[in-house]
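First comes the structure, then the notes that go with it.
Values reported hereafter were calculated over all heavy atoms of this structure, with side chains retained and with hydrogens, waters and symmetry mates removed. Throughout, numbering of the chain's residues begins at 1 and tracks the sequence.
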Amino acid sequence: MVCRHNRELEALVQEAKKMTEKGKVADYIPALAESEKNSLSVTIYHAENTCLSAGDDDQTFTLQSISKVLSLALVLMDYGKEKVFSYVGQEPTGDPFNSIIKLETVNPSKPLNPMINAGALVVTSLMKGQSAKESLDYLLGFIRRLANNPEITYCKHVAESEFRSSMINRAMCYYMKQYDIFEGDVEEVMDLYTKQCAIEMNSLDLAKIGCVFALDGKHPETGEQVISKDVARICKTFMVTCGMYNASGEFAIKVGIPAKSGVSGGVMGISPYNFGIGIFGPALDEKGNSIAGVKLLEIMSEIYRLSIF
Ligand code: DON
């Protein structure tokens with residue numbers, strides 16, 4: 001499927017794009033530093049299987065933290081709320097996504113929510129499969145069904161780059177292992193987590209996944225209930241309270257929709273009017289969210305009255 005370029009949306013992209021000057025691409029994962037700072041694209045996918053796009057929408061990008069909400073959905077469907085929330089909490093932190101501090105200051109040393117790195121690492125450690133490879137195939141199968149795209153895979157270059165450089169994430173795994181919150185083998189989970197974060201797609205795939213959430217887990221094209229209704233509701237709630245990290249409060253006021261960002265510059269948005277939004281703009285603000293992507297969502301929310309509040 002190819003989306004129609006939309007002139008009205010293109011004008012909004014051009015407006016928001018000015019913000020890229022003030023942002024910076026992520027470089028703590030070396031491969032992400034190669035991204036094109038000034039690019040910005042958006043796709044909107046509606047439940048009636050129509051879509052609109054603007055900007056450089058043929059670009060692909062890695063999901064990074066957007067994958068956290070997808071791994072959470074799968075693990076919640078497999079094990080249920082009680083088990084999953086015995087490993088990870090349900091509260092926002094007010095700290096950066098890779099902060100380690102609350103693991104020590106909050107007892108027991110359980111990560112506060114599944115959207116921060118510590119929480120996502122625990123969720124990934126619970127993924128079904130006898131090996132990291134089996135778990136990755138299982139997760140990829142789920143994501144391919146969400147996007148209705150069998151071609152989706154992960155970017156080896158980005159995965160290896162993060163695997164080599166991700167020492168704080170390793171430290172958090174070991175810290176949690178000390179307190180029996182984390183049961184898996186740290187290197188195996190890091191292998192799976194870095195590949196999960198490196199799953200690659202374009203803004204159309206991402207918008208389609210957003211649309212699945214907008215439809216309470218039902219796929220607009222295949223009609224399959226890919227995510228159970230209750231799990232889709234839980235994921236959307238986490239996206240409102242923690243999806244944009246320690247900017248989630250301001251984002252809720254300015255935009256007011258469930259959304260999840262990644263340090264690659266991807267943002268997935270979910271509208272109550274039955275559509276999903278996929279954005280890619282690699283220049284980030286100081287909290288690690290796409291600076292022009294957030295601006296674009298602010299403009300769109302104001303013009304089209306998207307806020308759920
Ligand atoms: O673990 C990390 O640091 C990255 N793979 C993902 C972090 C991320 O995307 C935070 N998002 N804004």
| query | Counting distance only, does the side-chain N/O of Glu10 pair as donor-acceptor with the main-chain N or O of Gly55 below 3.5 Å? | reply | yes

| Contact check, side chains of Ser53 and Arg4, non-hydrogen atoms, under 4.5 Å | no

| request: Sequence neighbours left out, what passes ring pair (Phe, Tyr, Trp, His ring centres under 6.0 Å) with Tyr175? Give chain and number order. | output: Tyr179

| request: Output the distance between atom OG1 (Thr124) and atom NZ (Lys195), rounded to the nearest 0.5 Å. | output: 13.0 Å

| field | Residues, nucleotides or ligands: over 12 heavy atoms within 6.0 Å of Lys218 NZ | value | no

| task | Output every pair passing side chain to side chain donor-acceptor pair (under 3.5 Å) with a member in residues 95-106, not counting sequence neighbours, ordered by first then second residue. | result | Asp95-Lys102

| query | Where do Leu284 and Val263 land on the side-chain contact (heavy atoms from CB on, under 4.5 Å) test, with the steps shown first? | reply | CA-CA 7 Å; Leu284 306 179; Val263 280; 4.1 Å; yes

| request: Take Thr62 and Gln64 through the side-chain hydrogen bond (donor to acceptor under 3.5 Å, both in side chains) test and state the conclusion after the steps. | output: CA-CA 6 Å; Thr62 58; Gln64 298 304 330; 3.1 Å; yes

| Please walk me through it: do Lys17 and Thr20 pass side-chain hydrogen bond (donor to acceptor under 3.5 Å, both in side chains)? | CA-CA 6 Å; Lys17 218 174 182 173; Thr20 57; over 6 Å; no

| query | What about Phe275 and Leu296, same hydrophobic cluster or not, with Ile/Leu/Val/Met/Phe/Trp/Tyr joined at side-chain heavy-atom distances under 4.5 Å? | reply | yes

| query | For Cys235 and Leu72, what are the C-alpha separation, side-chain angles and deciding distance, and is it a side-chain contact (heavy atoms from CB on, under 4.5 Å)? | reply | CA-CA 8 Å; Cys235 291; Leu72 175 69; 4.2 Å; yes

| request: Heavy atoms only: give me the nearest Thr153-Leu140 pair and the separation to one decimal. | output: CA-CD2, 3.9 Å

| request: State, yes or no, whether a side-chain contact exists between Ile277 and Ile279 at a heavy-atom distance under 4.5 Å. | output: yes

| request: Compare every heavy atom of Ile227 with every heavy atom of Ala232, then report the nearest pair and how far apart it is. | output: N-CG2, 3.6 Å

| Between Ala31 and Ser161, which heavy-atom pair has the shortest distance, and what is it? | N-OG, 3.0 Å

| task | Inspect the contact between Asp230 and Arg233 and indicate whether a charged nitrogen and a carboxylate oxygen are less than 4.0 angstrom apart. | result | yes

| message | With a 4.0 Å cut-off on N to O distance, would you call Lys18 and Glu15 a salt bridge? | response | yes

| Side chain to side chain, Met172 and Phe182, heavy atoms closer than 4.5 Å | no

| Looking only at heavy atoms, which two atoms of Leu32 and Ser35 are closest? And how far apart? | O-OG, 2.6 Å

| task | May I ask you to say whether Lys254 pairs ionically with Glu302, meaning some side-chain N is under 4.0 Å from a carboxylate O? | result | no

| Donor-acceptor contact below 3.5 Å, side chain Ser39 vs main chain Gly281 | no

| request: State whether the number of non-hydrogen atoms from other residues, nucleotides or ligands found under 6.0 Å of Glu250 atom CD is greater than 12. | output: no

| note | Sequence neighbours excluded, the answer for ring pair (Phe, Tyr, Trp, His ring centres under 6.0 Å) partners of Tyr245 is Phe97

| said: Within the structure provided, determine whether Ile44 and Met300 are in side-chain contact (heavy-atom separation under 4.5 Å). | reply: yes

| request: May I have the step-by-step check of side-chain hydrogen bond (donor to acceptor under 3.5 Å, both in side chains) for Glu183 and Tyr87, ending in yes or no? | output: CA-CA 10 Å; Glu183 289 165 6; Tyr87 287 93; 2.8 Å; yes

| message | Any non-hydrogen side-chain atom of Met176 less than 4.5 Å from a side-chain atom of Pro111? | response | yes

| Close side-chain approach of Met244 and Val294, heavy atoms under 4.5 Å | yes

| field | Exercise: identify the closest heavy-atom pair between Val88 and Gly119 | value | CG2-CA, 3.8 Å

| Do Val75 and Leu112 belong together in a cluster built from hydrophobic side chains that touch within less than 4.5 Å? | no

| query | Do any N or O atoms from the side chain of Arg170 and from the backbone of Phe163 form a donor-acceptor pair under 3.5 angstrom? | reply | yes

| task | Would you confirm whether Asn202, through its side chain, and Asp205, through its main-chain N or O, come within 3.5 Å as a donor-acceptor pair? | result | yes

| message | Under the rule for salt bridge (charged side-chain N to carboxylate O under 4.0 Å, His left out), what residues qualify as partners of Lys24, not counting sequence neighbours? | response | Asp27

| query | Just by modelled atom types, is the Gly262 backbone N or O under 3.5 Å from a matching donor or acceptor in the Ser65 side chain? | reply | no

| Crowded around Glu187 CD? As in, over 12 foreign heavy atoms under 6.0 Å? | yes

| request: Return each pair, listed once, that meets side chain to side chain donor-acceptor pair (under 3.5 Å) where at least one residue sits in residues 287-299; pairs must be two or more places apart or across chains. | output: Ser261-Asn289

| query | Quick one: do Lys22 and Asp285 make a salt bridge, cutoff under 4.0 Å? | reply | no

| Hey, is the main chain of Ile29 close enough, under 3.5 Å, to the side chain of Ser165 for a donor-acceptor pair? | no

| field | Donor-acceptor under 3.5 Å (His219 side chain, Gln225 main chain) | value | no

| message | Hydrophobic clusters here meaning ILVMFWY residues chained together by side-chain heavy-atom distances under 4.5 Å, can you tell me if Leu139 and Met268 are in one? | response | yes

| message | When you measure from the side chain of Asn49 to the backbone of Pro220, do you find a donor-acceptor pair of N or O atoms at a distance under 3.5 Å? | response | yes

| remark: Separation between CD1 (Ile101) and OG1 (Thr93), nearest 0.5 Å, reads 11.0 Å

| message | Please report the interatomic distance OG1(Thr60) to CD1(Ile152), rounded to the nearest 0.5 Å. | response | 10.5 Å

| task | Using a cut-off of 6.0 Å, state whether more than 12 heavy atoms not belonging to Ile303 lie near its atom CD1. | result | yes

| note | Output for pair (Asp191 CG, Leu136 CG), nearest 0.5 Å, gives 8.0 Å

| query | Do Lys260 and Val267 have side chains that get closer than 4.5 Å, going by heavy atoms? | reply | no

| said: Using a 3.5 Å distance criterion without hydrogens, assess whether the side chain of Thr241 forms a donor-acceptor pair with backbone atoms of Thr237. | reply: yes

| field | Worked verdict on Asn149 versus Lys208 for side-chain hydrogen bond (donor to acceptor under 3.5 Å, both in side chains) | value | CA-CA 10 Å; Asn149 180 355; Lys208 221 180 259 186; over 6 Å; no

| remark: d(Asp185 CG, Met190 CE) to nearest 0.5 Å is 11.5 Å

| query | CD1/Ile66 to OG/Ser71 distance, rounded to the nearest 0.5 angstrom? | reply | 12.0 Å

| field | With Tyr138 via ring pair (Phe, Tyr, Trp, His ring centres under 6.0 Å) - residues at least two apart | value | none

| task | Say whether Asn148 and Glu221, considering side chains only, have a donor N or O and an acceptor N or O under 3.5 Å apart. | result | yes

| request: Please say whether the positively charged group of Lys83, taken as NZ for Lys or CZ for Arg, lies over the ring of Tyr79, i.e. under 6.0 angstrom from the six-membered ring centre and within 45 degrees of the axis. | output: yes

| said: Does any part of the side chain of Leu63, heavy atoms only, come nearer than 4.5 Å to the side chain of Leu70, both counted from C-beta? | reply: yes

| request: Check Phe238 against Gly89 and note the closest heavy-atom contact, atom names and distance. | output: CZ-O, 3.9 Å

| task | Using atom types as modelled and distance alone, determine if a side-chain donor or acceptor of Asn113 lies under 3.5 Å from a backbone N or O of Ile116. | result | yes

